[in-house]
There are 2 protein chains.
Amino acid sequence: MTEPLHISDEQCRRVSGIMEVVGRRWTSGILLAVGLGAERFSEIQHRVDGLSSRMLTVRLRELEQAGLIDRIVTPTIPVSVRYRTTQRGLELLRALQPLGQYAHRWEPEPGR
Amino acid sequence: MTEPLHISDEQCRRVSGIMEVVGRRWTSGILLAVGLGAERFSEIQHRVDGLSSRMLTVRLRELEQAGLIDRIVTPTIPVSVRYRTTQRGLELLRALQPLGQYAHRWEPEPGR
DNA sequence: CTGGATCCCTATCGATACTG
DNA sequence: CAGTATCGATAGGGATCCAG
C-alpha cells in the first residue's frame with residue numbers, strides 16, 4: 001500500500017495525452033457504455049445520464065478518431081449504425097480500472 | 001491481454017469524478033512533480049514545462065482541496081511553503097500507472 | 001433513428017502586471 | 001519566493017431546430 005513510485009516523467013506526459021481524450025466530459029462514460037455492449041446511438045445515450053445527442057455525436061467522433069471505437073454502418077433503410085470498442089479501447093478501459101478501485105477506496109469525497 | 005471487462009457502471013462514474021480533478025490541464029504533471037519530490041512552488045513550476053504561476057496556484061489549491069497534496073507553511077522570514085503528496089495522492093499516482101503503460105504500448109500512432 | 005447546424009452562454013486558460 | 005489581480009481570447013457544452 002505504501003510502495004515507492006515507479007512512475008516516470010515520461011509516463012506522466014503520456015497520461016496527460018490520454019487525459020486529453022478520455023478526461024473530457026462524458027467520454028469515459030460513453031467508452032464504458034460501448035465497452036459493456038451498448039451499440040446503438042440511442043442506446044448509448046440512454047445509458048449515460050444527462051447526455052445530449054450533440055455531445056454524444058462529438059464524443060463518438062473523437063473516440064473514433066482516437067482509434068478507441070469503431071463505427072460500423074450498415075446501409076439498410078433506414079441506415080443502421082453500431083459502435084464497438086476496438087482492441088485499443090478495451091485495453092484503455094482495463095487501464096482505467098485501478099482508477100475506479102482507487103476512487104472506491106477513498107469514497108466518499110471529503111471537501112468540494 | 002484480452003481478458004473480459006470487470007469494470008462496472010459504478011466504477012465509471014467514479015473514474016469520471018477523478019477525471020474532473022486530475023484530467024485538467026497541468027494537474028497530473030503537477031501531482032507527479034510533487035510526488036517525485038518537488039516541494040517548493042518555484043521548483044514545481046520549473047519542472048512542469050510551460051506552466052504559469054497563475055495556473056500553478058489554481059491547481060495547487062484544487063489538489064489541496066481534493067486532499068491529494070498538503071500545503072505546509074513554515075512562518076519563517078520570508079515564509080517557507082512546501083507541498084507534499086498525501087497518502088491519497090500517492091495512491092492516485094499509483095493508480096495512474098497503468099494508464100502510462102497503456103499509452104506507452106500504443107504510442108507510435110495516436111492520430112490518424 | 002442518427003445525427004448535422006446554429007445560437008449563445010459560460011468556464012477555462014494564457015498573458016501581463018503587481019505585491020508582502 | 002510565492003503568490004494575486006485583471007483582462008481578453010477561446011473552447012466546452014446546453015438548447016433547439018432540422019434533415020436523410
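Throughout, protein chains are lettered first and strands after them, A, B, ... in sequence-line order, and every chain is numbered starting at 1.
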- Let me see the working for A:Leu90 and A:Arg94 under side-chain contact (heavy atoms from CB on, under 4.5 Å), right down to the final yes or no. CA-CA 6 Å; A:Leu90 275 177; A:Arg94 245 176 265 122; 3.9 Å; yes

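Listed here is the closest heavy atom pair of A:Leu31 and A:Gly89: CD2-O, 4.4 Å.
Whole-Å rounding puts the A:Ile30 CD1 to C:dT2 C1' distance at 14 Å. Between the P atom of C:dT2 and the CZ atom of A:Arg61 lies a distance of 12 Å, rounded to the nearest Å. One atom, CG of A:Leu60, and another, P of C:dG3, lie 7 Å apart when rounded to the nearest Å. As a whole-Å value, the separation of B:Leu56 CG from D:dA5 P is 16 Å. Between A:Ile72 atom CD1 and C:dT2 atom C1' the separation is 15 Å, expressed in whole Å. Note: OH (A:Tyr83) to P (C:dC1) measures 14 Å, nearest angstrom. What separates CD of A:Gln45 from P of C:dG4 is a distance of 13 Å, to the nearest Å. C:dT2 atom C1' lies 15 Å from atom CD1 of A:Ile77, rounded to whole Å.
For residues 31-43 of chain A, the pairs satisfying side-chain hydrogen bond (donor to acceptor under 3.5 Å, both in side chains) are A:Glu39-A:Arg84, with sequence neighbours left out. Residue pairs meeting the salt bridge (Lys or Arg N to Asp or Glu O under 4.0 Å) criterion with at least one member in residues 20-30 of chain A, sequence neighbours excluded: A:Arg24-A:Glu62.
Between B:Arg59 atom CZ and B:Arg54 atom CZ the span is 9.0 Å, to the nearest 0.5 Å. Interatomic distance, CG of B:Leu93 versus OH of A:Tyr102, reported as 9.0 Å (0.5 Å rounding).
Between A:Val79 and B:Arg82, the one whose closest nucleotide on DNA chain D sits nearer the 5' end is B:Arg82.
When atom types are taken as modelled, the side chain of A:Thr27 and the backbone of A:Gly23 share no donor-acceptor pair closer than 3.5 angstrom.
For the pair A:Arg61/A:Gln65, no side-chain contact is recorded, criterion being any heavy-atom separation below 4.5 Å from C-beta on. Taking 4.5 Å as the limit, every side-chain heavy atom of B:Phe41 sits out of range of all side-chain heavy atoms of B:Val81.
Remark on the helix from C:dC1-D:dG20 to C:dG20-D:dC1: inter-end axis angle 50°, axes from five-pair C1' superpositions, rounded to 10°.
Remark: of the listed residues A:Leu68, A:Leu63, A:Val34, A:Asp70, A:Val34 is the sole one forming a side-chain contact (heavy atoms from CB on, under 4.5 Å) with A:Thr85.
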- Message: Base contacts versus sugar-phosphate-only contacts with protein, heavy atoms under 4.0 Å: please encode nucleotides 13-20 of chain C as B, S and - from 5' to 3'.
- Response: BBB-----

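For A:Arg82, there are no salt bridge (Lys or Arg N to Asp or Glu O under 4.0 Å) partners, not counting sequence neighbours.
Of the residues in residues 37-44 of chain A, those lying under 4.0 Å from DNA chain C by heavy-atom distance are A:Arg40, A:Phe41, A:Ser42.
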